[in-house]
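Numbering of residues begins at 1 and proceeds along the displayed sequence.
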Amino acid sequence: MKSIFISGGCGGFGLAVARVFRNEGYIVGLGDLRPPADESIPGEGITFYELDVTRPESWDAALSEFTKLTGGRLDILDNNAGIIDSATIAESEPARIRAVIDVNALGITLG
């Protein structure tokens with residue numbers, strides 16, 4: 001059976017992708033800071049893994065656990081985690097700017 005792991009998978013686009021792949025018969029792993037709000041997920045071929053995309057050890061732990069479930073397979077990594085911020089840099093606090101860069105650049109690189 002094929003597998004997909006989706007970072008930032010517990011809401012919005014990531015969760016929609018998870019449902020599509022589950023319906024196609026994939027084993028689906030969702031990595032995110034928090035479990036999905038929809039309590040019916042995980043279940044039926046979808047599992048949740050706590051993942052902070054800015055920490056390499058978090059990636060290692062989540063993917064290690066997921067691939068135990070899949071027999072060592074990882075067919076697709078959907079590096080979906082991201083922060084969308086409509087504020088300008090001048091309007092943003094430095095901590096917010098750092099978070100956007102860490103998740104949107106470092107998180108993708110680590111994935």
Side-chain angles (χ1 to χ4, degrees):
M1 186 173 286
K2 291 184 179 181
S3 66
I4 181 171
F5 187 89
I6 305 165
S7 72
C10 289
F13 186 74
L15 191 53
V17 169
R19 289 182 170 130
V20 167
F21 275 87
R22 179 202 51 208
N23 292 342
E24 292 295 319
Y26 280 69
I27 300 170
V28 179
L30 302 178
D32 215 315
L33 292 172
R34 295 173 292 289
D38 181 346
E39 293 181 9
S40 68
I41 308 279
E44 301 181 32
I46 298 178
T47 54
F48 167 74
Y49 302 87
E50 187 173 327
L51 174 65
D52 178 344
V53 297
T54 67
R55 296 179 42 230
E57 63 275 10
S58 186
W59 275 105
D60 291 344
L63 290 176
S64 175
E65 288 302 309
F66 178 62
T67 55
K68 286 179 189 173
L69 178 69
T70 66
R73 281 187 79 135
L74 178 59
D75 296 295
I76 300 171
L77 172 63
D78 179 0
N79 219 345
N80 178 71
I83 296 174
I84 298 172
D85 195 342
S86 60
T88 67
I89 290 176
E91 297 168 333
S92 296
E93 295 294 320
R96 179 65 176 176
I97 295 167
R98 178 61 183 227
V100 170
I101 292 168
D102 284 352
V103 170
N104 294 356
L106 178 62
I108 297 229
T109 301
L110 294 174

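No donor-acceptor pair under 3.5 Å is formed between the side chain of N80 and the backbone N or O of G9. Between the side chain of D75 and the backbone N or O of I4, no donor-acceptor pair lies under 3.5 Å.
With rounding to the nearest 0.5 Å, the separation of CZ in R73 from OG1 in T67 is 12.5 Å. Between the CZ atom in R22 and the CD1 atom in I46 there is a gap of 4.0 Å [rounded to 0.5 Å]. Between L63 atom CG and L51 atom CG the span is 7.5 Å, to the nearest 0.5 Å. Summarising the geometry, atom CG belonging to N79 is positioned 11.0 Å from atom CD1 belonging to I6; distances are rounded to the nearest 0.5 Å. Note that OG1 of T54 and CG of L33 are 8.0 Å apart. Values are rounded to the nearest 0.5 Å.
With side-chain heavy atoms closer than 4.5 Å counting as contact, directly or through intermediates, the hydrophobic cluster containing I101 also holds I89, I97.
Scored by the ring-ring contact (aromatic ring centres under 6.0 Å, His included) test, F66 finds F5, Y49 as partners (sequence neighbours excluded).
Open room surrounds CD on E93; 12 or fewer heavy atoms of other groups in view lie less than 6.0 Å from it.
For residues 94-111, every residue pair satisfying the side-chain hydrogen bond (donor to acceptor under 3.5 Å, both in side chains) rule, not counting sequence neighbours, is listed here: D85-R96, R98-D102.
Both I27 and L74 are assigned to one and the same hydrophobic cluster, defined by single-linkage of ILVMFWY side chains at heavy-atom distances under 4.5 Å. I108 and I83 are not part of a single hydrophobic cluster, where members link through side-chain heavy atoms under 4.5 Å apart. Note: the hydrophobic cluster containing M1 also contains L69 (ILVMFWY, side chain heavy atoms under 4.5 Å, direct or indirect links).
G111 approaches L77 most closely through the heavy-atom pair O-CD2, 3.2 Å. Heavy atoms only, all atoms of each residue included: C10 and F48 are closest at SG-CD1, 3.5 Å. Of all non-hydrogen atoms in A81 and V53, the two that sit nearest each other are CB-CG1, 3.8 Å.
For the pair F21 and D78, the minimum side-chain heavy-atom distance is 4.5 Å or more.
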For L30 and L15: C-alpha separation, side-chain torsions, deciding distance, then whether side chain to side chain contact (heavy atoms under 4.5 Å, CB included) applies.
CA-CA 8 Å; L30 302 178; L15 191 53; 4.1 Å; yes
